[in-house]
Amino acid sequence: MCGLFGFVGVPAADLDETAVQHAVRTLIRLSEPRGREATGLAVVLPDEIAVYRRPLAPSRVLAHPDFQQFLDEVFRPGRGGVARAGTACIGHCRLVTNGTQAIESNNQPVLLDRVVGVHNGIVTNPDELVGTAGATGSSGELDSAALFAYLEHELERGASLGDALQATFAALEGEASIAVLARAEDALALSTNSGCLYVARDERCLVFASERYILEAFVGQGHLGFDRRTTTVAHLEAGQALLVALSTGAVTDVSVSTGAAGVLTASPPSLPRRPIVDRTYGRIAVRRCTRCILPDTYPFISFDADGVCTDCHEHVTQRVAGREALLRELDRHRRSDGSPDCIVAFSGGRDSSYGLHLLKTELGMTPLAFTYDWGLVTDLARRNQARMCGRLGVEHIIRAANIPEQRRYIRMNLDAWLARPRLGMIPIFMAGDKFFYSHARDLRRETGIDLVVFCAGNELERTPFKAGFAGVRENNYSNRLFGLAPAKKLQLGAYYAWQFLTNPRYLNRSLWNSLRSFHATFVGVDDFLYLYTWEPWDEGTIDRTLQSQYDWEISPESSNTWRIGDGYTAFINYVYHRVAGFSEYDVFRSAQVRDGVIDRPRALALAAEDNRPRLGELREFARLIGFNLEEVLSRVDEIPRLRART
């Protein structure tokens with residue numbers, strides 16, 4: 001299965017930084033045959049534990065400039081003396097057995113509050129480990145996370161490191177060989193219940209790996225000053241553990257099958273734990289606005305001397321026309337014979353669901369619900385549509401696209417985008433859903449109902465960064481794309497045309513569909529009524545009403561009720577967040593802060609939750625469109641991250 005490797009240098013070892021880099025590279029190269037789906041490394045330094053994780057084969061990581069940057073940062077001369085201060089490194093070459101490597105948190109090292117660990121094997125009772133131990137959180141997809149959560153729980157209860165290891169191996173079922181950095185104990189522990197660990201040591205270093213051959217080859221090449229004539233590769237037997245004190249290099253042999261109470265007690269509480277610093281991709285810490293949470297990678301953003309962004313300075317709280325004005329407008333279309341008097345664009349999301357409720361139950365209209373299904377209306381949205389229309393007694397008209405064809409177009413454009421990824425081109429994935437506008441116009445003509453209501457217009461939900469990545473700074477068009485200024489439309493069209501010319505893969509069978517979508521969105525006359533430019537938008541009232549009166553369903557992967565009806569949302573937000581460091585959710589939460597709906601700490605916490613990858617939704621999107629999720633997300637992972645605009 002997976003390959004574990006690493007080393008500990010004693011403080012007086014006087015290891016050369018360049019030699020250490022070569023040693024790390026060799027251990028990765030030799031361990032690669034055991035796992036080629038992800039690579040990870042954690043390096044203990046005097047002031048931090050530096051981490052690098054990528055869903056790439058070890059050979060690709062070794063060739064990646066970002067990895068060399070990582071090595072140069074953590075093993076550079078003058079950092080504080082790698083050798084003089086002592087150091088330790090644990091690494092992992094992953095063979096996926098559960099938990100897709102495309103999601104960063106599924107890859108190793110596993111990062112917890114007290115422990116940083118790598119695991120080889122399969123734990124067959126992960127949920128039981130988490131539940132029985134009373135550890136917080138969930139094992140999720142990754143069995144290794146459950147193992148280390150149990151170990152951390154034992155340490156939190158006051159157990160020594162040796163006792164905590166013994167309790168963990170007694171509780172787990174399956175196979176486990178682990179290397180773990182215990183942060184408070186300032187120690188490295190190696191332990192196995194299957195014998196899949198080997199160790200070589202001299203007076204300067206201890207090095208370990210998952211196979212005898214790997215260590216013999218490493219020692220034979222003379223890395224870290226090892227002499228193959230005098231160095232013996234030792235086998236850690238099943239049930240054996242080694243505890244290495246990082247401050248001294250002292251090694252203690254422990255039996256985890258029979259227990260060894262009090263072998264290595266915790267360090268004094270006053271000893272600070274080295275912070276875990278994720279240095280993957282050589283990433284630079286994102287600077288965020290001190291008032292909202294927009295980052296410095298946001299298009300056209302700048303900050304004043306107090307760190308407040310331009311969007312905050314330019315913000316004007318939305319003022320709606322109000323209920324009385326809305327009723328006067330509706331009275332112009334209201335019918336007294338009970339026949340439908342308005343068409344409601346109905347996606348099944350929260351805005352349109354509440355709008356349908358409002359128009360029917362409070363505003364006295366007789367709505368006709370209309371849905372355009374272009375192939376990515378989620379099953380959850382369909383169920384919510386059924387709930388709403390059934391309980392309200394509202395007729396529901398569907399217009400369906402050639403769904404296999406629309407999904408094929410997305411796949412073609414996704415392939416084109418991956419060949420030359422530009423964030424400004426992401427909206428082309430959603431071109432097919434913009435025919436909602438043209439079908440609404442057709443339905444108005446077919447039914448003779450003049451009033452078409454779009455349950456949109458809430459300024460909190462505007463996402464101008466999408467055009468911003470295309471170099472277009474939007475005017476305020478009240479969430480009505482037709483209202484984009486003519487010069488801005490030409491600028492946006494010119495951007496798309498240039499992308500088509502410089503990336504011929506976009507010149508595929510979807511081209512006509514994309515052009516028609518642009519026309520339907522920006523050229524076709526939009527004289528619809530946008531409900532939330534008249535009626536105040538209150539998220540709490542909306543959510544409570546829908547869930548209490550209609551048993552309205554939310555996603556099992558998020559408590560956020562926004563955008564749960566769109567099958568592409570999880571994917572595009574994953575891409576935006578991975579490449580630009582923010583997503584639609586950061587923009588939404590920032591708008592809520594400016595309007596006083598939530599405070600900044602709450603916004604940061606909610607955005608962190610919102611931006612967790614929604615694996616179920618990602619997999620469903622991949623299934624519908626017809627691509628390999630792990631392959632595509634791995635390619636997304638290789639896209640260079642945005643840097644702050646200067």
Side-chain angles (χ1 to χ4, degrees), residues 4 6 8 40 42-45 48-49 51 88-90 92 105 108-121 123 125-140 142-174 176-193 197 208 236 239-277:
L4 310 186
V8 177
V43 180
V44 178
L45 299 168
E48 68 181 63
I49 298 177
V51 176
C89 166
I90 62 173
H92 193 259
S105 60
Q108 301 191 40
V110 173
L111 311 177
L112 299 178
D113 183 55
R114 287 192 61 130
V115 300
V116 174
V118 290
H119 165 231
N120 166 46
V123 176
N125 63 333
D127 292 334
E128 182 179 331
L129 281 183
V130 173
T132 302
T136 59
S138 168
S139 64
L142 193 63
D143 59 335
S144 305
L147 185 160
F148 291 118
Y150 193 101
L151 176 63
E152 181 171 83
H153 175 72
E154 289 297 312
L155 292 171
E156 289 290 341
R157 293 177 59 239
S160 69
L161 183 55
D163 285 346
L165 287 169
Q166 195 278 333
T168 300
F169 276 87
L172 72 84
E173 296 176 5
S177 298
I178 64 173
V180 58
L181 298 168
R183 296 173 67 199
E185 290 74 14
D186 201 32
L188 167 72
L190 305 174
S191 189
T192 178
N193 68 358
L197 275 176
F208 66 91
L236 259 68
Q240 185 180 2
L242 292 181
L243 309 180
V244 185
L246 298 183
S247 58
T248 64
V251 179
T252 305
D253 197 322
V254 179
S255 171
V256 296
S257 58
T258 58
V263 173
L264 188 65
T265 58
S267 300
S270 59
L271 182 66
R273 303 178 191 177
R274 296 174 176 89
I276 298 171
V277 179

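Of all heavy-atom pairs between A167 and E154, the closest is CB-OE1, 3.7 Å. Closest approach of A42 and L181 over heavy atoms only: CB-CD1, 4.4 Å. G174 and N193 make their closest contact through O-ND2, 3.1 Å (heavy atoms, listed as atom of the first residue, atom of the second, distance). Of all non-hydrogen atoms in V256 and A241, the two that sit nearest each other are CG1-CB, 3.6 Å. Counting all heavy atoms, side chain and backbone alike, A164 lies closest to T168 at O-OG1, 2.8 Å. Looking at every heavy atom in both residues, E48 comes nearest to R274 through O-CD, 3.6 Å.
L112 contributes atom CG, which lies 10.5 Å from atom CD of E156 (distance to the nearest 0.5 angstrom).
Side-chain atoms of N125 come within 3.5 Å of backbone atoms of E173 as a donor-acceptor pair (strictly under, hydrogens ignored). Looking only at distances, no side-chain donor or acceptor of D143 sits under 3.5 Å from a matching main-chain atom of P126. The main-chain N or O of R114 is found under 3.5 Å from a side-chain atom of E152 such that the two form a donor-acceptor pair. Side chain of R183 to main chain of D113: a donor-acceptor pair is present (N/O by atom type, distance under 3.5 Å, no hydrogens or angles).
Using a 4.5 Å heavy-atom threshold, the side chains of V277 and V51 count as separate. A 4.5 Å side-chain heavy-atom check between L155 and E185 finds at least one atom pair inside the cut-off. Proximity of V244 to F208: side-chain heavy atoms (C-beta onward) are nowhere separated by under 4.5 Å. Using a 4.5 Å cut-off on side-chain heavy atoms (C-beta onward), L129 and L172 make contact. The shortest side-chain heavy-atom distance between Q240 and L197 does not fall under the 4.5 Å cut-off.
Applying the side-chain contact (heavy atoms from CB on, under 4.5 Å) rule to S247 yields the partners D186; only residues at least two apart in sequence or on another chain are considered. Applying the side-chain contact (heavy atoms from CB on, under 4.5 Å) test to A189 and every residue at least two apart in sequence or in another chain returns L161, L165, V180, L243.
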Output, in order, the C-alpha distance, side-chain angles, deciding distance and verdict of side chain to side chain contact (heavy atoms under 4.5 Å, CB included) for L4 and I90. CA-CA 7 Å; L4 310 186; I90 62 173; over 6 Å; no
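Among V254, L151, I178, the single residue meeting the side-chain contact (heavy atoms from CB on, under 4.5 Å) criterion with S191 is I178. When V116, L142, L147 are each tested for a side-chain contact (heavy atoms from CB on, under 4.5 Å) with V110, only one passes: L142.
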